A.B. asks: 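Handing you this structure, nothing more for now.
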Amino acid sequence: MTLKIYNVLTRKKEEFVPLTPGKVNMYVCGPTVYDYSHIGHGKTYVGFDVVVRYLRYSGYDVLYVQNITDVGHMLDTGEDRILKKARQLSAGPMQVVETYMREYFNDMDALGVQRPDISPRASGHIPEQIEMIQELIDKEHAYVVDGSVYFDVTSFAEYGKLSGRIVEELEEGARIGVRSEKHHSADFALWKKAEPEHILRWPSPWGDGFPGWHVECSAMANKYLGQTFDIHGGGIDNIFPHNECEIAQSEAAHGEPFARYWMLTGSLTLDGVKMSKSLGNTLTIKDALAKYRPEAIRAFILSSHYGSPIDFSDEAIEAAHKGWLRLWGAVSLVREQLRSAAEGEAETAVIDLLNNTKNSFIEKMDDDFNAPAALAVLQEFTRQVNTLINEKGPHTKGTLNAIDALYRELGGEVLGIVPDQAEASADAEREDGLVRLLINLRAQARAQKDWATSDQIRDQLKELGIVLEDRADGTIWKLE
RNA sequence: GGCGACGUGGCCAAGCGGCUAAGGCAGAGGUCUGCAAAACCUCCAUCACCGGUUCGAAUCCGGUCGUCGCCUCCA
């Protein structure tokens, strides 16, 4: 079994061979922290979260770097988006950055996204960026105009190789009369001269200024991962110009290939329309989490391949949620039975089922991280588990533990949609005890065919969001 | 206008040259059940359209129609 990755650079699915055996160096473009993260960020970073989780599950030692952009990302108007936000809030730019960066991590934590190993900030790597820009000037890939530095796209023959753009054609589509100090309309800023009112500024060999957006990723990827590294990820919407510029800068400066495998995620639309900050039709992760549990959101995101676009709608996430509920129901049932199961080894038929499931799951994930197909394997497995538990019980501890372990491994460790436990807190334990007490009282009523009392307990618990299910072997409860 | 992606059952979505076209949601019928819920079983598609390549195509090629993304800030 070998892992295959669709490489956007070659437009082909390729066998994944890391630069150093057993080791994966990976960089993913992170967010610009000037506002709350939206569900589109969620799709991208949950997608890469599963990629990283699966690589680690496969035995790779992954170094995962994801930057935080906190300077240099300009609006159309030429205004730095962080400075704009700072002005709106009457706050300092780094206060804005700190606020939204923390919110970003909170949101990702809530979604079960494991943190990157390194989260470098652009503003913390100005010397590295200046050094890289100087190198590009020395090698005549960049030129200085009035305190600003631009990359000369005509000096890098391969410019456009990732996105399929052709420099000559870019000329035509360019807006007129803007950035007239550039030699070519496709040239992009490496360093911008700071106007007096621009307070995000640093000294440089070319005067006070600030770095362009693209150069941070090149400089920081180089610092933490080396000139050539294995995987570069990001959202497809950044393929041009951002990713293209990263390649140009890095390869022009170092004369070595930049990233070897490019993985780009499809965009998320909201009710059929592309979500964008300028259109204002954004759904923040916080809003989504207020309505749906994180596992449901992850299951929704993983219901289509990472490279495909996906449309967020109430119906779609509701469907994903119910599908997840079925899976979670089986897991809960297994764990419930485990409380009272007899000692004993796992049954051989079950061991076969587990092995087959695991092999299929790995086969799907090895095929360019096909999470939706892997999820289908877990659903198929769930049907068999339900049959096993409902019709062929009771089972030994060994059997139930083995099933639970596979759910934890594939559904938990890799996909991040099967929690270790429903909830871990003193309150949760107390709640469980109380509900079980009521279940016992209700069982006594049922034994006496006192359906009125029995139904009253069930109905009133339901109003509290607690659902009871009567099974042949007893009553179980779950949160609605 | 240029570049790219996509169009699979009511909805979502795998499959990308050859076993009965995965899986989830919804729907219909059934089993089980004090009732309910859950679960399980059964049923529900020939893959936008047209033409071509091939022994054989949802899968490859060409065309038509349609949707979306990028080209300007976006994950």
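Model, not experiment: these values are computed from the prediction. Every chain is numbered from 1, with letters handed out A, B, ... down the list of sequences.
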A.B. asks: Considering only atom C1', compute the distance from B:rG9 to B:rG23 and round it to an integer number of Å.
C.D. replies: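 To the nearest whole Å, 13 Å.
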
A.B. asks: With sugar-phosphate meaning primed atoms plus P, OP1 and OP2, does A:G40 contact a base, only sugar-phosphate, or nothing at under 4.0 Å between heavy atoms?
C.D. replies: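 Base, at least one base heavy atom under 4.0 Å.
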
A.B. asks: Looking for any heavy atom pair under 4.0 Å, which part of the strands does A:S163 touch: base, sugar-phosphate only, or nothing?
C.D. replies: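 Touches sugar-phosphate only.
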
A.B. asks: Has A:D152 got a side-chain atom pairing as donor or acceptor with A:T154's backbone, closer than 3.5 angstrom?
C.D. replies: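 Confirmed, A:D152 side chain pairs with A:T154 backbone.
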
A.B. asks: Nearest whole Å is fine: how far is B:rG69 P from A:R165 CZ?
C.D. replies: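 Interatomic distance, CZ of A:R165 to P of B:rG69: 14 Å.
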
A.B. asks: What's A:H321 touching, base or sugar-phosphate or nothing? Going by heavy atoms closer than 4.0 Å.
C.D. replies: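 Answer is nothing: A:H321 stays at 4.0 Å or more from every strand.
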
A.B. asks: Return whichever of A:T382 or A:V273 has its heavy-atom-nearest nucleotide of RNA chain B closer to the 5' end.
C.D. replies: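 This one resolves to A:T382.
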
A.B. asks: Using the side chain to side chain donor-acceptor pair (under 3.5 Å) criterion, which residues pair with A:D187? Sequence neighbours excluded.
C.D. replies: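 Listed in chain order: A:Y143.
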
A.B. asks: Parallel, tilted or perpendicular: which fits the ring planes of A:Y45 and A:H41, with parallel below 30° and perpendicular above 60°?
C.D. replies: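 Judged by the thresholds at 30° and 60°, the geometry between A:Y45 and A:H41 is parallel.
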
A.B. asks: If I pick the P atom on B:rG27 and the same atom on B:rG18, what distance separates them, to the nearest angstrom?
C.D. replies: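 B:rG18 and B:rG27 have their P atoms separated by 35 Å.
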
A.B. asks: Partner of B:rU31 by Watson-Crick or G-U wobble geometry, both contacts under 3.5 Å, or none?
C.D. replies: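 WC or wobble partner is B:rA39.
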
A.B. asks: Partner of B:rC16 by Watson-Crick or G-U wobble geometry, both contacts under 3.5 Å, or none?
C.D. replies: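 WC or wobble partner does not exist here.
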
A.B. asks: Hey, could you give me the CZ/CD1 distance between A:F210 and A:I199, rounded to the nearest 0.5 Å?
C.D. replies: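 So the gap between those two atoms works out to 12.0 Å.
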
A.B. asks: Run the salt-bridge test on A:D367 and A:K364 with the 4.0 Å N-O cut-off and return the result as yes or no.
C.D. replies: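 Judged by the 4.0 Å cut-off on N to carboxylate O distance, A:D367 and A:K364 do not form a salt bridge.
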
A.B. asks: Is the A:F381 ring parallel, tilted or perpendicular to the A:Y407 ring (thresholds 30°, 60°)?
C.D. replies: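 Taking A:Y407 first and then A:F381, their aromatic rings sit tilted (interplane angle of 30° to 60°).
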
A.B. asks: Determine, for nucleotides 21-29 of chain B in 5'-to-3' order, which nucleotides have protein heavy atoms under 4.0 Å from the base (write B), from only the sugar-phosphate (write S), or from neither (write -).
C.D. replies: -BSSSS---

A.B. asks: Kindly point out which of B:rC70, B:rA14, B:rG34 is positioned nearest to the side chain of A:H305?
C.D. replies: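 For the A:H305 side chain, the nearest candidate turns out to be B:rA14.
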
A.B. asks: Please list, by residue number, the residues of residues 462-478 of chain A whose heavy atoms come closer than 4.0 Å to an atom of RNA chain B; answer none if no residue qualifies.
C.D. replies: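 Those residues are A:L468, A:E469, A:D470.
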
A.B. asks: Roughly how far apart, to the nearest Å, are B:rU42 and B:rC25 at atom P?
C.D. replies: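 That atom pair is separated by 15 Å.
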
A.B. asks: Checking only heavy atoms, does the side chain of A:R446 share a donor-acceptor pair with the base of B:rG34 at less than 3.5 Å?
C.D. replies: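 Indeed, a donor on one side and an acceptor on the other fall under 3.5 Å apart.
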
A.B. asks: Say we look at B:rG15 and B:rG7: how far apart would their P atoms be, to the nearest angstrom?
C.D. replies: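 After rounding to an integer number of Å, I get 10 Å for this pair.
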
A.B. asks: Expressed in whole Å, how much space separates the P atoms belonging to B:rA38 and B:rA45?
C.D. replies: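 Those two atoms are separated by 25 Å.
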
A.B. asks: Say you pick atom P in B:rA57 and the same atom in B:rA48; how far apart are they, in whole Å?
C.D. replies: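 The answer is 15 Å between these two P atoms.
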
A.B. asks: Any chance NZ of A:K286 has more than 12 other-residue heavy atoms, nucleotides or ligands included, within less than 6.0 Å?
C.D. replies: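 Atom NZ in A:K286 is crowded, with more than 12 foreign heavy atoms closer than 6.0 Å.
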
A.B. asks: Looking at A:D287 and A:K291, is any side-chain nitrogen of the basic one under 4.0 Å from a carboxylate oxygen of the acidic one?
C.D. replies: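 The answer is no: the pair does not qualify as a salt bridge.
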
A.B. asks: Calculate, to the nearest 0.5 Å, the distance between atoms CD1 and NE2 belonging to A:I317 and A:H321 respectively.
C.D. replies: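 Nearest 0.5 Å value for the CD1-NE2 distance: 8.5 Å.
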
A.B. asks: For A:G30, report the nucleic acid contact type (base, sugar-phosphate, nothing); a contact means any heavy atom under 4.0 Å.
C.D. replies: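 The answer is sugar-phosphate, as A:G30 gets under 4.0 Å only of primed atoms, P, OP1 or OP2.
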
A.B. asks: For B:rA28 versus B:rG10, give the span between their C1' atoms, rounded off to a whole number of Å.
C.D. replies: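 Going atom to atom, C1' in each nucleotide, I get 13 Å.
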
A.B. asks: Would you say the ring centers of A:Y36 and A:Y100 fall short of 6.0 Å from each other?
C.D. replies: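 Ring-ring flag for A:Y36/A:Y100: true, centres closer than 6.0 Å.
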
A.B. asks: Please classify the nucleic acid contact of A:D455 as base, sugar-phosphate, or nothing, using heavy-atom distances under 4.0 Å.
C.D. replies: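 Here A:D455 touches the bases of the nucleic acid.
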
A.B. asks: Using whole Å, report how far CD of A:E336 lies from C1' of B:rA38.
C.D. replies: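 Going from A:E336 (CD) to B:rA38 (C1'), I get 14 Å.
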
A.B. asks: Answer with base, sugar-phosphate or nothing: what part of the nucleic acid does A:L268 contact at a heavy-atom distance below 4.0 Å?
C.D. replies: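 Base, at least one base atom sits under 4.0 Å.
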
A.B. asks: Is A:N370 side chain donor-acceptor paired with the B:rG15 base, going by distance under 3.5 Å alone?
C.D. replies: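 Donor-acceptor pair under 3.5 Å: no.
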
A.B. asks: Strictly by Watson-Crick or wobble contacts shorter than 3.5 Å, is anything paired with B:rU67, and which nucleotide is it?
C.D. replies: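 Paired with B:rA5.
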
A.B. asks: Touch check for A:T269, heavy atoms < 4.0 angstrom, all strands: base, sugar-phosphate only, or nothing?
C.D. replies: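 Result for A:T269 = nothing.
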
A.B. asks: Do the side-chain N and O atoms of A:H305 and A:Y6 include a donor-acceptor pair separated by under 3.5 angstrom?
C.D. replies: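 No, no side-chain donor-acceptor contact under 3.5 Å.
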
A.B. asks: When the nearest nucleotide of RNA chain B is assigned to A:P241 and to A:S454 on a heavy-atom basis, which residue is associated with the more 5' position?
C.D. replies: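 Result of the comparison: A:S454.
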
A.B. asks: Tell me whether A:Y45 is stacked on the nucleobase of B:rA75, counting only the six-membered base ring and applying the 5.5 Å and 30° thresholds.
C.D. replies: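 Stacking is absent between B:rA75 and A:Y45, given that the ring centres and planes do not meet under 5.5 Å and under 30°.
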
